[in-house]
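Labels below follow one simple rule: chain letters A, B, ... track the order of the sequence lines, proteins then strands, and each chain is numbered from 1. Just so you know, these numbers come straight off a predicted model, no measurement behind them.
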There are 2 protein chains.
Amino acid sequence: MLSERQMMILRAVVRDFTNTGVPVGSKALAKQLPIHVSSATIRNEMAALEEQGLIKKTHSSSGRVPSVEGYRYYVDHLVKPDPLRPNDIDVIQSSLGGDFHKIDEIISQSATILSNLTSYTAFTLKPELKDSRLSGFRLVPLGKRQIMAILVTDSGDVENQTFDVAGDVDGEQLEAVVRLINDQLVGLTLPEVLKKLQAEIPVQIANYLQSPQGFLDIFGDVLTRAAQERFYVGGRLNLLNFSQDSDVDSLKSLYSLIDKTDDIASVLGQPSDKISVRIGNEMTNDALRNFSLITATYDVDQHGQGMIAILGPTRMPYSRMLGIVGAFREELAKKLLDYYRFYDE
Amino acid sequence: MLSERQMMILRAVVRDFTNTGVPVGSKALAKQLPIHVSSATIRNEMAALEEQGLIKKTHSSSGRVPSVEGYRYYVDHLVKPDPLRPNDIDVIQSSLGGDFHKIDEIISQSATILSNLTSYTAFTLKPELKDSRLSGFRLVPLGKRQIMAILVTDSGDVENQTFDVAGDVDGEQLEAVVRLINDQLVGLTLPEVLKKLQAEIPVQIANYLQSPQGFLDIFGDVLTRAAQERFYVGGRLNLLNFSQDSDVDSLKSLYSLIDKTDDIASVLGQPSDKISVRIGNEMTNDALRNFSLITATYDVDQHGQGMIAILGPTRMPYSRMLGIVGAFREELAKKLLDYYRFYDE
DNA sequence: TTTTAGCACTCAAACTAATCAAGTGCTAAG
DNA sequence: CTTAGCACTTGATTAGTTTGAGTGCTAAAA
């Protein structure tokens, strides 16, 4: 129920405020708007917008600042993604242009690029088939008493861990265990494996090993690591730029949030098809009250769907950011498609 | 050339200031000192100490604060490590008491414990024989086009990396390469290996692989990672507590310093036998101007020498910190000795 | 009915002045 | 050599003032 003019004003308020950080007043708007009306008229319209909860004052006689709802409306109806700057295109092309030997290198590099482009904090998640399955397990004896456990999933994830064992490594025992695992568990999804690991497997393994607990620990460990979605983070330190007046405590909880894989996964939330923007307290987490999160998925055909995200202050230039995220998801998908094509055929 | 009494005063100034953070004046000292003299006398002595550059005023009529030289004198001549609090002993015992399957777990856990005890940032470095040697190399084919390279050193370090290869994995080629590496390079120190890798090896490998460059990259990568000393860091976020008035820039450079393995290695410096304290600008790095670093080595008999360190504000309670570091190095050495004993015999 | 000029009013921010408290150095007496 | 006494310095705190950007409202103009 906003008039054309009110939309125009709301758009201008958001744009101005995200650029300057200063509450914007009627006079400044009057000068800047394409239509020619007086500041008094603007004031009336602004009162109407405030009525609807889209903008608000910081104090009784201040200029206006967008409310969360105002940002929401702006993002949903008014914003148009900026096209990339030529310079940004260069950055992407050159950073993503090199040769890579691992998917993870591309994904982790992407987080860095994205944080550089935006000067915010960026997250990337590699393309993932849901319910990836265990496709192989190895135990490689390394030294006198060292063993490496390697676990491979059908989506190409590899998780490994070395551990020390007491007493000599008995090659036959190892092989028996590996055979058992591969017979019983390969082809199952990781949650299924995890379930079996707590039920039948221990009994069976006890036939081959004297002290199975140590092994079970290790295997469970590697397994849960593999089951976890793994995010790459770029530009962590950029968060420091927005810590208003050095509120150390909230900064700390923000950082611990980012470093906990599980937590950040729950914040980023389920992939949806399009680019999504979550603003301030639209996220449940309290530490994120003054931040906005832009997430986007990208598809790599049959190789599944991945995700990229940037986290910056609520007061971010959305049009530019949406432009960057939109363009980057395409570039990344293209790059990965190339990569898979090269190594798969 | 300090009198007994001057020492007593300097000690009190440092103690008071590290506890309260407030410049300390003559009156407060007079009350607190064991000997009975007037504040005027203290003032005279303080003037003498200032003359020698051990304490200084923050402004012309303020109380005194220790200078870097003052801290130095205090640490070298006046301080006595505090004995551990019973509570601290409990923390160490219980955190280090569990079962571990890897040296690295113990070391990384130690960084966390140490940061908890001190509420500063802690570094730990595992015991290392200088010039560890390459003791084994593997290439394990994992999936259709995935290979894992594993490198083992004689000190038990394991470094690994998976990578994708184009075309089918040729088992024979792999074995030939592995054999070559093991024949030519095992037993050499890592720097020697690195040198050979740039000279003869490429030529020889070209006999077995069509496109050796990819492989050489990977191998070099794993190798340099293994050659690097690896620090564990605990309590990164504690640095935030001491960022005076949110100087974002210096905080940023501090954090990037900490995250660069090479840089932090050069800051921690060469191991010396005892516990060493470096204060403020005694470290060359500018970002550390307001910090002090306490480092200590620990010996695990024939398994080499490791290092622990804590980084906190120049204004830290040295006696307590020295007590903690001193005690912890012993505990850690003991724990590791147990560990080696269990797995080696 | 909508727009606008005009005006009284509000409030944060910047500046000023006044006071306070802690501390110093120095002098002269103990 | 020590100490009481005192004049002096300085950062912090508080209260008061000014400034300027901005608002809402009213009444006239369009």
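Side-chain nitrogen and oxygen atoms of B/S26 include at least one within less than 4.0 Å of the OP1 or OP2 phosphate oxygen of C/dT24. The side chain of B/S38 places no N or O atom within less than 4.0 Å of a non-bridging phosphate oxygen (OP1 or OP2) of D/dT2. For C/dA22, neither phosphate oxygen OP1 nor OP2 lies less than 4.0 angstrom from any side-chain nitrogen or oxygen of B/R43. OP1 or OP2 of C/dC11 sits under 4.0 Å from a side-chain N or O of A/S60. Taking only side-chain nitrogens and oxygens, B/K27 never comes nearer than 4.0 Å to OP1 or OP2 of C/dA21.
B/D286 and B/R289 are joined by a salt bridge, as a carboxylate oxygen and a charged side-chain nitrogen come within less than 4.0 angstrom of each other. Contact check on B/E50 versus B/K56 returns no salt bridge, with no Lys/Arg side-chain nitrogen under 4.0 Å from an Asp/Glu carboxylate oxygen.
Residue A/T58 is out of contact with every strand shown, counting any heavy-atom pair closer than 4.0 Å.
With D/dT3, C/dA5, D/dT23 as the candidates, the nucleotide lying closest to the side chain of A/A40 is C/dA5. The side chain of B/R5 has D/dT2 as its nearest neighbour among C/dG25, D/dT23, D/dT2. When distances run from any side-chain atom of A/S61 to the nucleotides C/dG6, C/dT10, C/dT24, the shortest one goes to C/dT10.
Per the geometry, CE belonging to B/M46 stands 16 Å off C1' belonging to D/dT3, to the nearest Å. Atom CG in B/L49 sits about 12 Å away from atom P in C/dG25, given to the nearest Å. With rounding to whole Å, A/I55 atom CD1 is found 14 Å from D/dG24 atom C1'. When the P atom of D/dT2 is taken as reference, atom NE2 of B/H36 falls 13 Å away, rounded to whole Å. Between the C1' atom of C/dC9 and the NZ atom of A/K57 lies a distance of 12 Å, rounded to the nearest Å. Here C/dT1 presents its C1' atom at 13 Å from CG of A/N44, a figure rounded to the nearest Å. Computed from coordinates, the A/F17 CZ to D/dA21 P distance equals 18 Å when rounded to whole Å. Atom CD1 in B/I42 sits roughly 17 Å away from atom P in D/dC1 (whole-Å rounding).
Both A/R64 and B/T41 sit near DNA chain D, but only B/T41 has its closest nucleotide nearer the 5' end. Residues B/S39 and B/H59 both approach DNA chain D. Their nearest nucleotides, taken by heavy-atom distance, put B/S39 toward the 5′ side.
Between the B/R64 side chain and the B/I55 main chain, no donor and acceptor come within less than 3.5 Å of each other.
Taken to the nearest 0.5 Å, the CD1 atom of A/I310 stands 6.0 Å off from the CG atom of A/L114.
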Cut-off 3.5 Å, no hydrogens considered: what does the side-chain donor-acceptor table look like for residues 21-34 of chain B, sequence neighbours left out?
residue, atom, partner, partner atom, Å
B/S26, OG, B/R43, NH1, 3.2
B/Q32, NE2, B/D16, OD1, 3.1

